[in-house]
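Let me begin by presenting the structure, written as structure tokens, before commenting on it.
Because the structure is predicted, anything quoted here is derived from the model rather than measured.
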Amino acid sequence: MATKQSKKASQNEVLENPEVLAERIGRGEAFLKKNSKIFGGVIAAAIVLIGGILFFQINNQNKNEKAQAEMFQAVYFFEQDSVEFAINGDGINKGFLRIVEDYPRTDAANLAHFYLGSIYLSQKNFQDALNHLEDFSSDDYLVQSKAYSLIGDANLELGKLDAAISNYTKAARTNTNKFTTPKYLAKLAVAQEEAGKIADAIATYSEIEDKYYESFEFTAARKHKARLEGLAAK
């Protein structure tokens, strides 16, 4: 208590006594003069850092807008099933590969990775599909769950069963709904069976049977569940 009172008294002395206040200000000015180079360097560094961040954000935004405009034709080629033009361009317009190379770290390049992964997967070029799909990410749960499923497909084809199971699980648990979730669970069960995890596959088919009885996958899930239960009983 005495300490608090003494501190308060000292503060009052500074505020009420002009000589004490002048002395304190003088000490502060002397300290600033003595260390002016240090403070100047710190301030300059902060200005450079802030300026660099703002420049990066503005520059990246401008690049992204330009990339999106240049990617428009590649998306059109993709929608028309002209996949070679979509990948490599037509000599006038850029394809997805050039978008990725010319505009890295932009939203447009991120989306181009998804398109490339989807195309390569359809062409059975599974490793390239995997490389691009793993570079894609989205805040849209529906799109991200689809990406996880495609990554699972590529891993399954490459014989990487644990990775396939992991990604099918992510797909099924991201944005759970009655439309896409049973599809991803059915893929998960197939991967689990191929990995020899029969009990896990039965449990996955049971989940479809119990929770998604209105889905297209329901009938097949019941059939495969009974088949696996028969195998497990032998």
Side-chain angles (χ1 to χ4, degrees), residues 49 52-79 81 83-89 93-192 195 204 207:
L49 178 61
I53 292 171
L54 290 174
F55 173 79
F56 176 80
Q57 290 176 338
I58 294 169
N59 187 51
N60 206 50
Q61 182 178 350
N62 292 337
K63 281 185 176 180
N64 186 55
E65 290 174 358
K66 185 177 180 182
Q68 287 178 338
E70 292 189 10
M71 195 171 73
F72 177 82
Q73 190 64 37
V75 174
Y76 175 79
F77 287 140
F78 176 83
E79 292 173 347
D81 290 328
V83 292
E84 290 304 321
F85 284 157
I87 294 172
N88 298 306
N93 301 286
K94 292 181 179 180
F96 292 126
L97 282 178
R98 281 291 302 278
I99 297 297
V100 167
E101 292 170 2
D102 292 351
Y103 303 101
R105 298 181 300 279
T106 62
D107 292 340
N110 182 51
L111 187 56
H113 280 302
F114 182 84
Y115 280 113
L116 287 166
S118 301
I119 293 170
Y120 286 137
L121 192 61
S122 69
Q123 294 178 334
K124 303 186 184 304
N125 190 346
F126 302 119
Q127 189 56 57
D128 283 343
L130 192 59
N131 293 342
H132 285 287
L133 288 167
E134 287 183 336
D135 281 339
F136 170 78
S137 64
S138 175
D139 294 331
D140 186 309
Y141 292 135
L142 192 63
V143 176
Q144 186 60 62
S145 62
K146 177 64 174 178
Y148 286 140
S149 177
L150 295 178
I151 292 171
D153 292 344
N155 278 303
L156 186 66
E157 294 292 346
L158 291 168
K160 300 177 180 179
L161 298 178
D162 287 341
I165 289 170
S166 174
N167 281 282
Y168 286 143
T169 301
K170 289 178 184 178
R173 305 304 174 209
T174 302
N175 188 41
T176 303
N177 62 81
K178 64 181 181 180
F179 302 106
T180 60
T181 301
K183 292 179 175 41
Y184 301 148
L185 287 173
K187 289 185 175 186
L188 172 60
V190 169
Q192 288 169 332
T204 300
E207 185 175 349

How close do [X] and [Y] get, heavy atom to heavy atom, and via which atoms?
X      : Y      : result
Ala109 : Val100 : O-CG2, 3.9 Å
Asn155 : Asn167 : ND2-ND2, 3.8 Å
Thr106 : Ala67  : OG1-CB, 4.4 Å
Ser138 : Gln144 : N-OE1, 2.7 Å
Leu150 : Leu133 : CB-CD1, 3.6 Å
Ile99  : Ala112 : CG2-CB, 4.3 Å

To the nearest 0.5 angstrom, please state how far the [atom1] atom of [X] sits from the [atom2] atom of [Y].
X      : Y      : atom1 : atom2 : value
Asn131 : Ile151 : CG    : CD1   : 10.5 Å
Lys146 : Lys183 : NZ    : NZ    : 9.5 Å
Lys94  : Asn88  : NZ    : CG    : 13.5 Å
Thr176 : Tyr184 : OG1   : OH    : 11.0 Å
Ile165 : Lys187 : CD1   : NZ    : 14.5 Å
Lys160 : Leu130 : NZ    : CG    : 5.5 Å

Sequence neighbours excluded, which residues qualify as salt bridge (charged side-chain N to carboxylate O under 4.0 Å, His left out) partners of Lys170?
none

Considering residues at least two apart in sequence or located in another chain, which fulfil the side chain to side chain contact (heavy atoms under 4.5 Å, CB included) criterion with Phe78?
Ala86, Phe96, Tyr115, Ile119

Please check if atom CZ in Phe126 has more than 12 non-hydrogen atoms from other residues, nucleotides or ligands closer than 6.0 Å.
yes

Do [X] side-chain atoms and [Y] backbone N/O form a donor-acceptor pair below 3.5 Å?
X      : Y      : value
Ser145 : Tyr141 : yes
Tyr168 : Ala186 : no
Asn93  : Glu70  : no

Under the side-chain contact (heavy atoms from CB on, under 4.5 Å) test against Tyr103, which residue among Gln68, Lys66, Arg98, Met71 passes?
Lys66

Take Leu185 and Arg173 through the test side chain to side chain contact (heavy atoms under 4.5 Å, CB included) and record every step on the way to the result.
CA-CA 9 Å; Leu185 287 173; Arg173 305 304 174 209; 4.2 Å; yes

